[in-house]
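Predicted model, so just to flag it, every value in this text is computed and none were measured. Just so it is clear, the values below take in all heavy atoms, side chains as well, and ignore hydrogens, waters and symmetry mates.
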Amino acid sequence: MELLKQLVEVHAPSGAEYPMKEFLLNYIHQEQKNWKTQPTIIHEDRLVHDNLILVFGNPRTGIFAHTDTIGFTSRYENQLVPIGSPVQQNGIELVGKDGLGYIECKLLADEEGHLSHDFARPIERGTTLTFKPNFRLDESYVQSPYMDNRLGVYNALKVAETLEDGVIVFSTCEEHGGGAIPYLLSHIQNSFPINQALVSDITWVTDGVQHGGGVVMSMRDRNIPRSSFIDRMLTLADQSGIDYQLEVEASGSSDGREIQLSPYPLDWMFIGAPEDFVHSPNERVSLKDIQSMIDMYRYLMKNL
């Protein structure tokens, strides 16, 4: 789990994903010699901003994993503005860096929902703050800020080790309105078109989805994928013998929404491990569900 721990420690909220892109590039250049297939790496700012695309062999399917996290932006005086939808509780530890140095402070939230910090000096305007890393691992669970979606990124990197044909997309800005997927799909479909997409992200523990039941295959959330594709995916999942759970929700969204709204007729499905304490410093995921997520992606990418 050392790689996952390292991913959690990278400061990369929505709009400031460059450090994560650099981490991923360094990791890929170091590790790809051990992978089954050497990918083409696409990362030029002219094409993909702070996103990253890996192309393996003759792709049919893409894996989409967003690299950004929720967080906060410093405003005026000691005020903070949320990035995405982080938990907003007094005392949550935040970290960041501005032109004057390293920042470690606590979040303050009043009854009217106004947010501020307790740092000893003003923080430069526009500085981003994120939850302080606190990675905890035991025999059954990993608990940490930003399992959403550093775990989705971790899964994609583990799948890359054995992938022969496919595209892996490390996307940006998912937590704060999206926007990256349309131009990424335009580049992908014009250069190495794919037919289907898997969204490598993290979902919720609910009354119908529990820790330890296996990876979650979502039949719908706020958006509804094409049922014939879902049926095909579930047939493959049954054939795999890998534990999985089915999710049906009315809310929540992901990069799947932008794939569905794009002008390209791609089938897609959200597949990810469930967590509780969502969007907090204490997101918790079962190790069993993490392994079934990796195993399911490897099986599907080989058989789709």
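- Residues L4 and L137 fail the side-chain proximity criterion, which asks for heavy atoms closer than 4.5 Å.
- The list of salt bridge (charged side-chain N to carboxylate O under 4.0 Å, His left out) pairs with a residue in residues 285-304, not counting sequence neighbours, reads E161-R298, D243-K288.
- Of all non-hydrogen atoms in R136 and P281, the two that sit nearest each other are NH2-O, 3.0 Å.
- Counting only residues at least two apart or in different chains, ring-ring contact (aromatic ring centres under 6.0 Å, His included) contacts with residues 245-302 are absent.
- Among pairs with a residue in residues 126-156, those fulfilling ring-ring contact (aromatic ring centres under 6.0 Å, His included) read F131-Y146, Y141-H211, at least two apart in sequence or across chains.
- Between K97 and H11, the closest side-chain pair of non-hydrogen atoms is not below 4.5 Å.
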May I have the step-by-step check of side chain to side chain contact (heavy atoms under 4.5 Å, CB included) for M147 and V8, ending in yes or no?
CA-CA 7 Å; M147 290 295 95; V8 167; 3.6 Å; yes
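- Residues L52 and H43 share a closest heavy-atom pair of CD1-CB, 3.6 Å.
- With hydrogens and angles disregarded, no donor-acceptor distance shorter than 3.5 Å links the side chain of D98 to the backbone of T127.
- Using a 4.5 Å heavy-atom cutoff, the side chains of T73 and R125 are not in contact.
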Please assess L185 against F64 for the test side chain to side chain contact (heavy atoms under 4.5 Å, CB included), listing each intermediate value before the final yes or no.
CA-CA 11 Å; L185 279 178; F64 291 76; 3.8 Å; yes
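- Going from atom CD1 of I123 over to atom CD1 of I103 covers 4.0 Å, rounded to the nearest 0.5 Å.
- Shortest non-hydrogen contact noted between V169 and V167 is CG2-CG1, 3.7 Å.
- The two residues R150 and T69 have their closest heavy-atom pair at NH2-CG2, 3.0 Å.
- Surrounding OH of Y18 are at most 12 heavy atoms belonging to other residues, nucleotides or ligands under 6.0 Å away.
- Between the side chain of T235 and the backbone N or O of D231, at least one donor-acceptor pair lies under 3.5 Å.
- Checked against salt bridge (charged side-chain N to carboxylate O under 4.0 Å, His left out), D276 has the following partners two or more places apart in sequence or in another chain: R284.
- Tracing side-chain contacts under 4.5 Å through hydrophobic residues (I, L, V, M, F, W, Y), one reaches M293 starting from L157; they form part of the same cluster.
- Within 6.0 Å of OH in Y102 there are more than 12 heavy atoms belonging to other residues, nucleotides or ligands.
- Remark: the backbone N or O of C173 is not paired with any side-chain donor or acceptor of E175 at under 3.5 angstrom.
- The line from CG of D68 to CG of D148 is 8.5 Å long, rounded to the nearest 0.5 Å.
- Grouping the Ile, Leu, Val, Met, Phe, Trp and Tyr side chains by contacts below 4.5 angstrom, directly or via other members, places V55 apart from I63.
- Side chain of S171 to main chain of A180: no donor-acceptor pair is present (N/O by atom type, distance under 3.5 Å, no hydrogens or angles).
- Note that the CG atom of L234 and the CZ atom of F229 stand 10.0 Å from one another [nearest 0.5 Å].
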Report the C-alpha separation of Q189 and L266 in whole Å, then their side-chain angles, then the decisive distance to 0.1 Å, and conclude whether the side chain to side chain contact (heavy atoms under 4.5 Å, CB included) test is met.
CA-CA 10 Å; Q189 296 303 82; L266 269 69; 3.3 Å; yes
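- Nearest heavy-atom pair across N90 and A109 is OD1-N, 2.6 Å.
- Using a 4.0 Å cut-off between charged nitrogen and carboxylate oxygen, D267 and R226 count as a salt-bridge pair.
- No donor-acceptor distance shorter than 3.5 angstrom exists from the side chain of R60 to the backbone of D165, with no hydrogens or angles considered.
- Between F23 and L7 there is a side-chain heavy-atom pair separated by less than 4.5 Å.
- Tracing side-chain contacts under 4.5 Å through hydrophobic residues (I, L, V, M, F, W, Y), one reaches I294 starting from M301; they form part of the same cluster.
- Contact record, S85 with I70: N-CG2, 3.7 Å, taken as the closest heavy-atom pair.
- The number of heavy atoms from other shown groups lying within 6.0 Å of CG (N58) does not exceed 12.
- If you chain together hydrophobic residues whose side chains sit under 4.5 Å apart, L129 and V81 never meet in one group.
- Between the E104 side chain and the E93 main chain, no donor and acceptor come within less than 3.5 Å of each other.
- At most 12 heavy atoms of other shown residues, nucleotides or ligands fall within 6.0 angstrom of atom NE2 in H176.
- Between L54 and W35 there is a side-chain heavy-atom pair separated by less than 4.5 Å.
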Enumerate donor-acceptor pairs with a distance under 3.5 Å from any side-chain N or O in residues 245-252 to protein atoms, sequence neighbours excluded.
unit_1 : atom_1 : unit_2 : atom_2 : d
Q245   : OE1    : Q210   : N      : 2.9
Q245   : NE2    : Q210   : O      : 2.9
Q245   : NE2    : G214   : O      : 2.9
E247   : OE1    : S218   : OG     : 2.9
E247   : OE2    : T203   : OG1    : 2.4

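- The 12-atom threshold is not exceeded at CD of E77, counting heavy atoms of other residues, nucleotides or ligands nearer than 6.0 Å.
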Apply ring pair (Phe, Tyr, Trp, His ring centres under 6.0 Å) to the pair F72 and H117, showing each step before the final yes or no.
CA-CA 10 Å; F72 302 87; H117 62 79; over 10 Å; no
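- With hydrogens and angles left out, the side-chain atoms of T172 and N51 include a donor and acceptor closer than 3.5 Å.
- A 4.5 Å side-chain heavy-atom check between Q239 and N303 finds every atom pair outside the cut-off.
- Looking only at side-chain heavy atoms (C-beta outward), E9 and P133 come within less than 4.5 Å of each other.
- Proximity of E164 to F56: side-chain heavy atoms (C-beta onward) are nowhere separated by under 4.5 Å.
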Side-chain donor/acceptor pairs under 3.5 Å, residues 192-202, sequence neighbours excluded:
unit_1 : atom_1 : unit_2 : atom_2 : d
Q196   : OE1    : R232   : NH1    : 3.3
Q196   : NE2    : T61    : OG1    : 2.9
S200   : OG     : G152   : O      : 2.8
S200   : OG     : N155   : ND2    : 3.0
D201   : OD2    : H66    : NE2    : 3.4

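- Taking CD1 of I188 as the reference point, atom OH of Y183 lies at 11.5 Å (rounded to 0.5 Å).
- Annotation: the span from M20 atom CE to N149 atom CG amounts to 9.5 Å, rounded to 0.5 Å.
- When atom types are taken as modelled, the side chain of S74 and the backbone of G126 share a donor-acceptor pair closer than 3.5 angstrom.
- Following chains of ILVMFWY side-chain contacts shorter than 4.5 Å, one can reach I168 starting from L300, so the two form part of one hydrophobic cluster.
- Taking CD of E174 as the start and CZ of R257 as the end, the distance is 8.5 Å to the nearest 0.5 Å.
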